[in-house]
Structure formats: C-alpha cells, structure tokens
Amino acid sequence: MKMSVSVSEAESVVLAVLWRSSPMATEAVVAALANQQRWQESTIKTLLNRLLKKGAIHARKVGRRFVYSPLLTREQWLSSESEGLLDRLFGGRVAPLVAHFSRQRKLSKKDIADLKTLIEGLDSD
C-alpha cells in the first residue's frame with residue numbers, strides 16, 4: 001500500500017521516535033524527545049495531533065492515556081520525500097542529482113564505488 005502524507009520536519013522528528021519504538025504513550029514520546037529537542041510538552045502534543053489528523057499515526061486509548069503507533073512507515077516517508085525532492089529540484093531525474101553532488105564535491109570515493117556497484121547491478125537486470 002502506497003501512502004502519501006505530507007510531513008513537516010518537526011513532525012518527522014516525532015515519527016522517528018515512534019518508528020524506533022511503538023506503541024508509545026504521550027509521556028514516553030515527550031521523554032524521548034526531551035533529550036534531543038527543546039520542545040514543550042504542548043508542542044509535542046500538537047505535533048502528535050497533526051500526525052493523527054494526517055493519518056500518519058494511530059492513537060488508541062489505554063486506561064486514561066493514549067498510545068501512538070505509526071501508520072506511515074519510514075520507507076513510505078522516505079519514498080515520498082525523495083520523489084518530492086527529485087521532482088521539485090531535478091525534474092524527477094536521478095542523474096542531475098548525482099551530478100549536482102559530484103560538482104559540489106559531496107561524493108566520497110566510497111560513494112562513487114557504491115554508485116558504480118549499483119549501476120552495474122541495474123545493468124545486469
């Protein structure tokens with residue numbers, strides 16, 4: 001199933017917590033983010049509610065609290081984000097993206113070797 005949900009950068013931080021460990025109660029999400037973000041609890045709850053409205057996560061009530069689980073997988077999100085980037089910046093083509101990084105000297109020798117191996121694998125299919 002392909003799921004396309006637009007997720008903001010802040011929402012992706014919350015999703016990353018849920019991808020690592022879920023289901024998680026609100027308090028656990030807040031605690032997990034306390035070490036990496038300077039967000040108030042209300043901000044985190046707002047982000048959880050946005051993700052709920054977008055259908056990226058699911059909430060169920062357990063006792064007096066809600067526990068959250070992702071519906072959008074990391075792979076679905078990566079696919080959507082990378083396609084969006086390619087479409088917006090490079091007309092949907094991968095070669096100009098790679099060319100851009102090579103001109104900017106962002107490709108290491110290992111990156112180049114990995115790309116060659118990938119291309120060889122594609123040619124053999």
Side-chain angles (χ1 to χ4, degrees):
M1 174 179 108
K2 182 170 170 123
M3 178 184 269
S4 181
V5 176
S6 177
V7 175
S8 72
E9 186 175 340
E11 292 164 348
S12 72
V13 172
V14 175
L15 268 173
V17 168
L18 294 173
W19 287 326
R20 282 192 299 270
S21 176
S22 66
M24 288 183 85
T26 307
E27 309 82 52
V29 175
V30 170
L33 289 169
N35 296 331
Q36 56 182 318
Q37 300 292 328
R38 301 187 92 134
W39 293 337
Q40 298 293 320
E41 183 175 339
S42 61
T43 300
I44 296 167
K45 287 180 177 180
T46 297
L47 292 169
L48 286 167
N49 281 324
R50 284 187 195 163
L51 288 166
L52 272 171
K53 287 179 184 171
K54 291 179 177 186
I57 64 174
H58 169 74
R60 68 183 167 88
K61 196 158 186 167
V62 176
R64 296 182 61 182
R65 61 183 169 175
F66 286 96
V67 293
Y68 300 91
S69 300
L71 294 174
L72 178 69
T73 67
R74 186 172 190 282
E75 291 74 24
Q76 290 168 324
W77 175 73
L78 281 173
S79 179
S80 176
E81 289 293 308
S82 60
E83 286 176 22
L85 174 77
L86 280 177
D87 289 344
R88 282 190 317 276
L89 302 179
F90 300 99
R93 298 189 56 233
V94 174
L97 169 74
V98 175
H100 169 76
F101 280 109
S102 68
R103 283 192 305 274
Q104 300 299 319
R105 296 188 183 108
K106 302 287 185 197
L107 294 177
S108 68
K109 288 184 181 200
K110 180 173 179 357
D111 289 333
I112 293 167
D114 290 347
L115 285 169
K116 285 180 181 178
T117 301
L118 177 64
I119 290 168
E120 288 169 6
L122 292 172
D123 282 344
S124 66
D125 289 342

Practice prompt. Starting from F101, walk the hydrophobic network (Ile, Leu, Val, Met, Phe, Trp, Tyr; side-chain heavy atoms closer than 4.5 Å) and list everyone else you reach, by chain and number.
Written response: L85, L86, L89, F90, V94, L97, V98, L107, I112, L115
Worksheet item: With a 3.5 Å cut-off and no angle check, do the side chains of T73 and Q76 form a donor-acceptor pair?
Response: yes
Worksheet item: Would the number of heavy atoms belonging to other residues, nucleotides or ligands and lying under 6.0 Å from NZ of K45 be above 12?
Response: no
Worksheet item: CZ of R20 to CZ of R74: how many Å apart, nearest 0.5 Å?
Response: 10.0 Å
Item to complete: Kindly determine whether V17 and Q36 satisfy side-chain contact (heavy atoms from CB on, under 4.5 Å), including the steps that lead there.
Response: CA-CA 11 Å; V17 168; Q36 56 182 318; 3.8 Å; yes
Worksheet entry | Passing candidate, side-chain contact (heavy atoms from CB on, under 4.5 Å) with H58, options L72, L71, V67 | L71
Item to complete: Rounded to the nearest 0.5 Å, what's the gap from CG on L15 to OG on S8? Could you check?
Response: 9.0 Å
Practice prompt. Using the side-chain contact (heavy atoms from CB on, under 4.5 Å) rule, take L48 and F66 through it: C-alpha gap first, then chi angles, then the decisive distance, then the call.
Written response: CA-CA 11 Å; L48 286 167; F66 286 96; over 6 Å; no
Discussion item. Would L47 and W39 count as a side-chain contact (heavy atoms from CB on, under 4.5 Å) here? Give the steps.
Written reply: CA-CA 11 Å; L47 292 169; W39 293 337; 3.6 Å; yes
Discussion item. To the nearest 0.5 Å, what is the distance between CE on M24 and CZ on R65?
Written reply: 11.0 Å
Worksheet item: Taking atom NE2 of H100 and atom CD of Q104, what is their separation to the nearest 0.5 Å?
Response: 4.5 Å
Worksheet item: Looking at OG of S6 and CD of E11, how far apart are the two atoms once the value is rounded to the nearest 0.5 Å?
Response: 7.5 Å
Item to complete: Consider only side-chain N and O atoms of S79 and E83, and report whether a donor and an acceptor are under 3.5 Å apart.
Response: yes
Fill in: Spacing of CG belonging to L122 relative to OG1 belonging to T117, to within rounding of 0.5 Å
11.0 Å
Worksheet entry | T46 side chain to N49 side chain, donor-acceptor N/O pair below 3.5 angstrom | no
Item to complete: Check the surroundings of atom CD in Q40: do more than 12 heavy atoms from other residues, nucleotides or ligands lie under 6.0 Å from it?
Response: no
Worksheet item: What heavy-atom pair brings V7 and E81 nearest, and what distance separates the two atoms?
Response: O-OE2, 4.0 Å
Worksheet entry | Closest approach of D87 to G92 (non-hydrogen atoms, all atoms of both residues) | OD1-CA, 3.4 Å
Discussion item. Please tell me whether V5 and L78 are part of a single hydrophobic cluster in this structure, the criterion being side-chain heavy atoms less than 4.5 Å apart.
Written reply: yes
Worksheet item: Which atom pair, heavy atoms only, marks the closest approach of S69 to P23?
Response: OG-CB, 3.4 Å
